[in-house]
Number of protein chains: 2
Amino acid sequence: MPAAIPFEEVPAPPWQSPRKGLRKAPAARQPLSAEAVLSAALRLVDRDGLDALSMRRVAQELGTGAASLYAYFSNKDELLEQLLDRVIGDIPLPSAAAADWAAEVKRSCYASRAVFLAHRDLVKVARANIPVGPNSLRYVEALLAVLRGAGIPDRIAAWGMDQMSLVIVADAIEASIHASLGRQSEADAAPYLAQVSEYYANLPAEQFPNLNAMAPAMIEGSGDERFEFAIGLMVDGLARYIKAAV
Amino acid sequence: MPAAIPFEEVPAPPWQSPRKGLRKAPAARQPLSAEAVLSAALRLVDRDGLDALSMRRVAQELGTGAASLYAYFSNKDELLEQLLDRVIGDIPLPSAAAADWAAEVKRSCYASRAVFLAHRDLVKVARANIPVGPNSLRYVEALLAVLRGAGIPDRIAAWGMDQMSLVIVADAIEASIHASLGRQSEADAAPYLAQVSEYYANLPAEQFPNLNAMAPAMIEGSGDERFEFAIGLMVDGLARYIKAAV
DNA sequence: ACCTGAACACCGTTCAAGT
DNA sequence: ACCTGAACACCGTTCAAGT
């Protein structure tokens, strides 16, 4: 597992407002630091979910007041953004040296999803698609290396990567919602899905003939299978753009 | 434009908690009703965005207190869910009679995105992928008719529809975020995108050779072009699953 | 220079008390 | 039976006052 890169090693994007507080870690005798705040925040998310993550509770976890956090993060959104980037640092980087680039990309997508799902619904904070955190940048760089190495044109590689991250995030969000409703395992989800299927089967026949007929198909497949299907559509689609081979 | 179906015309899904308050519209002399609450809420979202939508403000818009809304919606989430379904009622239904099913599906995806984008960031409330509102169900039914009519196997049609709605929603969310940052038009976004591209171009060369090289490609294409690319990947991918023609 | 208690301006939801 | 004022238990963020 690669070590996370601290935010200081990469230049700050110029379109973001600069933090108003400290930029460096404070003196050693201080218990507070950006690192400590992020760790406390992640502990909270892992234990109680994203909704439980308030500035006040993070501060409480650190034995201080909410106002103290504003020395390290200009607001809650910035804290969340850095927290997500820290988690993204746990995703193993795909290798451009892999024999089968498509398999490597798919593997990497599965790994990304797994890392997100290890932290409850934290993935919900991933919104705008432009990566800026150091770990996100490093991951993007590695994935682009694979796609370009495979001969995919730059523009298609850029668009395809956007789409893949969008699909990974959207799927992980959905899975995290199901998990938060107590349907982590396939077995837990089964009674709920059976209810959904029956609901579709019993909709008025004149209005909903296709939903009636597809009631069983609508709940077929585990979350993993559906995700693999989606990623397969994307990656196989990208493969068709590869320039004429030498 | 099809008229929206009221929630009463479709049976309530059994896995949802029943509303605790009224089920029917109150006496005519009452200014309050579920319909009136939804209209006020939509007005608020259209004017000030989803973050401005609080129970208190909706109530204020109607000249009453927040507590009064709980007679019609058991909580804020339910209000939002019904509000989204109401907007989904504005999406024209795709036709299974269309000569080119793939073109019809793509057109329908573009139309969905356009309807979502007409209501600021309301689309953010679309989370779990299982449609339950009457208008959502009607749309799903129509889209399934097109996919099944094209000869796509049931399981693939179900998974593909899930994916398409996920891509539409995720893309619309991203576009709405950009719009809320004052980058509605391509012209408004240009200076921001130029900054992003320059940022990528100036990342340390040893660590980020691919991002350096792809700096121009990373911001190529309008939001519309990127969306059409993504939908194209999906729909063309689904086409490959069509059973052997007769 | 760094930290923080208290305050400001909000939330969603409940419930006793009204009509 | 329906509606609502007031309260409860929270929010993110600011800022004057401390050390």
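Just so it is clear: chains get the letters A, B, ... in the order the sequence lines come, proteins before strands, and each one is counted from 1.
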Quick one: pull up CG in A:Leu93 and CD in A:Glu141 and give me the separation to the nearest 0.5 Å. 10.0 Å
Restricting to non-hydrogen atoms, name the atom on A:Leu62 and the atom on A:Leu69 that form the minimum distance, rounded to 0.1 Å. CD1-CD2, 4.3 Å
Strictly below 4.0 Å, N to O, side chains only: are A:Arg226 and A:Glu174 in salt-bridge contact? no
Taking the P atom of each, how far is D:dC10 from C:dA9, in whole Å? 22 Å
Does D:dC2 have OP1 or OP2 sitting under 4.0 Å from an N or O in the side chain of B:Tyr72? no
To the nearest 0.5 Å, what is the distance between CG on A:Leu137 and OH on B:Tyr199? 5.0 Å
Could you state the interatomic distance from CG (A:Leu80) to NZ (A:Lys124), rounded to the nearest 0.5 Å? 12.0 Å
Dot-bracket for DNA chain C: what is it, with Watson-Crick or G-U pairs under 3.5 Å, [ ] where a pair crosses earlier ones, and | for a pair to another strand? ||.|||||...|||||.||
Of B:Leu166, B:Ile173, B:Val167, B:Asp171, which meets side-chain contact (heavy atoms from CB on, under 4.5 Å) against B:Val169? B:Ile173
Any pair counted as salt bridge (charged side-chain N to carboxylate O under 4.0 Å, His left out), so long as it reaches residues 182-208 of chain A, sequence neighbours left out: none
Per-nucleotide protein contact along nucleotides 4-13 of chain C, 5' to 3', at a 4.0 Å heavy-atom cut-off (B base, S sugar-phosphate only, - neither), is BB-B---BBB
Mind checking the CG-CG spacing from B:Leu122 to B:Leu117? Nearest 0.5 Å is all I need. 11.0 Å
